Amino acid sequence: MSNIRAIRGMNDILPDETPSWQALEQSVRSLLSSYGYGEIRLPIVERTELFKRSIGEVTDIVEKEMYTFDDRNAESLTLRPEGTAGCVRAVIQQGLLGTPQRLWYSGPMFRYERPQKGRQRQFHQIGVEAFGIASPDIDAELILLTARLWRSLGLADSVELELNTIGNSASRQAYREALVAYLQQREEQLDEDSQRRLHSNPLRILDSKNPATQALLNDAPALSDYLDDESKQDFSSLCGFLDAAGLSYRVNPRLVRGLDYYNKTVFEWVTDRLGAQGTVCAGGRYDGLVEQLGGKATPGIGFAMGMERLVLLLSEVAQSQPASSAADIYVVAAGDEATRVALAAVEPLRDALPKHRIVQHLGGGSFKSQLKKADKSGAELALIWGDDEVLAGNCTVKFLRTAGDQHTVAVAELAAFVSAALA
RNA sequence: GUGGCCGUAGCUCAUCAGGUAGAGCACCGGAUUGUGACUCCGGAGGUGGCGGGUUCGAGACCCGUCGGCCACCCCA
């Protein structure tokens with residue numbers, strides 16, 4: 001097989017799939033706009049250092065999942081594995097942090113992982129970030145905004161909100177030590193992966209899928225016992241906001257996130273309808289990150305949603321959609337002369353009917369084969385030019401969805417006739 | 001990085017003690033010398049992922065390799 005193929009895990013999105021992408025993107029755009037969020041467009045490539053310093057040196061993403069390369073100037077660059085780091089870099093660099101900012105962005109992200117359902121090496125996210133608001137009311141706004149999105153997409157019954165607070169870095173540090181102390185005594189009972197994580201990222205053991213490990217955790221120290229007062233208070237305010245808004249959620253004390261910059265509020269929207277990759281949208285607060293990347297101390301919070309997963313979920317949930325048509329009007333012309341006349345006659349028609357899809361048959365072929373294409377296109381009307389029409393200055397208008405109905409129309413009256421027919 | 005399943009026509013799949021391939025859909029043409037859908041007739045399209053091995057003979061068996069899917073891991 002010498003044909004060049006796409007890179008593994010980097011998929012083409014074909015014309016029959018792009019309509020659902022466009023519909024999803026449109027819903028998200030108008031929703032974000034209605035909450036006053038502004039779009040920011042960011043580079044796909046950043047200095048490797050940015051991701052190391054924000055995501056964390058010992059995370060899986062940085063250790064083994066980044067597409068990293070040296071450019072011609074011997075600088076280490078990386079295809080972004082997530083969006084927050086670049087967004088934070090931009091707001092610092094561009095001096096946007098004088099006032100609170102509500103921002104969103106979209107585009108491809110890259111992680112070198114084994115592809116599977118709902119996971120690819122190039123995937124697409126829409127990310128939302130809010131800077132400069134320390135109080136948990138912004139946490140609530142972001143969550144309510146996502147809930148509204150699920151409602152408008154018809155996904156409200158397919159997703160669940162999981163919520164937790166992981167405290168500030170000091171309380172998390174104290175908890176980590178307690179957890180490690182507890183688990184080290186029972187190290188031989190841990191599954192292999194968790195034994196490894198015990199030394200690299202012990203908090204991740206909390207959401208291990210291994211049942212024995214989960215059982216072991218029942219008697220482990222609880223993160224909630226180590227939380228700082230502010231985190232506890234903010235979390236209960238957040239829950240209060242959500243309760244008041246009538247939004248249901250599940251507090252999951254074992255929900256932790258894989259990126260180092262998170263603190264306090266973390267949340268995940270999950271579904272059980274996508275196989276193993278059930279997280280459709282996730283995020284949390286990252287109050288120290290701006291400062292850590294060299295900006296003035298500014299609180300931040302954000303989330304990202306996985307577009308592929310949402311598109312998949314929408315197709316799982318959707319009742320069979322009606323077959324979409326490719327055209328409203330299909331133009332048939334047999335012969336060079338007729339093609340020339342038709343091409344010219346259709347231009348004013350496009351002026352008159354800018355919202356309709358007018359597809360002209362090109363490449364020749366018999367009336368029969370062209371009409372066959374017209375039918376397949378799903379068009380309502382076929383406009384037909386042959387020698388007779390050309391001579392008489394007419395066009396034959398054929399209704400394809402009603403039996404045998406066809407009219408001879410003068411080209412001068414074509415626009416009026418067609419717009420009346422399609423009204 | 002690990003594991004399981006899979007790789008035959010554009011698509012979905014079949015066939016078979018191992019004797020060099022077939023259907024449906026799609027495509028093209030005809031039945032209608034200028035007219036689609038339904039029907040009928042015909043046609044084109046495959047070095048059976050690739051490379052080795054066993055065999056008189058392999059798409060079928062064995063090994064390797066590449067690719068796909070799903071899961072672990074990780075995460076959106």
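None of these values were measured; they are calculated from a predicted model. Chain letters run A, B, ... following the sequence lines, proteins first and then strands; every chain starts at 1.
- Between the side chain of A/Gln370 and the base of B/U35, no donor-acceptor pair under 3.5 Å is found.
- The side chain of A/Lys368 places no N or O atom within less than 4.0 Å of a non-bridging phosphate oxygen (OP1 or OP2) of B/U35.
- Using a 4.0 Å cutoff on non-hydrogen atoms, no part of residues 142-159 of chain A comes near RNA chain B.
- Residue A/Ala374 is classed as having no contact, given no heavy-atom separation below 4.0 Å to the nucleic acid.
- Note on A/Ala282: only backbone sugar-phosphate atoms sit closer than 4.0 angstrom, heavy atoms only; bases stay farther off.
- Note on A/Arg8: a side-chain N or O is less than 4.0 Å away from OP1 or OP2 of B/G68.
- At least one side-chain nitrogen or oxygen of A/Lys373 sits closer than 4.0 Å to the OP1 or OP2 atom of B/C28.
- One finds a side-chain N or O of A/Lys376 lying less than 4.0 angstrom from the OP1 or OP2 phosphate oxygen of B/C27.
- Using a 4.0 Å heavy-atom cutoff across all strands shown, A/Gly118 reaches at least one base atom of the nucleic acid.
- Proximity of A/Arg257 to the phosphate of B/A76: a side-chain N or O atom is located under 4.0 Å from OP1 or OP2.
- Checked by distance alone, A/Arg114 brings no side-chain donor or acceptor within 3.5 Å of a matching partner on the base of B/C72.
- Under the side chain to side chain donor-acceptor pair (under 3.5 Å) criterion, A/Tyr226 pairs with no residue at all, not counting sequence neighbours.
- Side-chain atoms of A/Glu389 come within donor-acceptor range of the base of B/G34, with a qualifying N/O pair under 3.5 Å.
- As judged by a 4.0 angstrom heavy-atom cut-off over every strand, A/Arg111 is placed among the base-contacting residues.
- Of the residues near RNA chain B, A/Glu268 and A/Ser369, the one whose nearest nucleotide (by heavy atom distance) lies more toward the 5' end is A/Ser369.
- Side-chain atoms of A/Gln116 come within donor-acceptor range of the base of B/C73, with a qualifying N/O pair under 3.5 Å.
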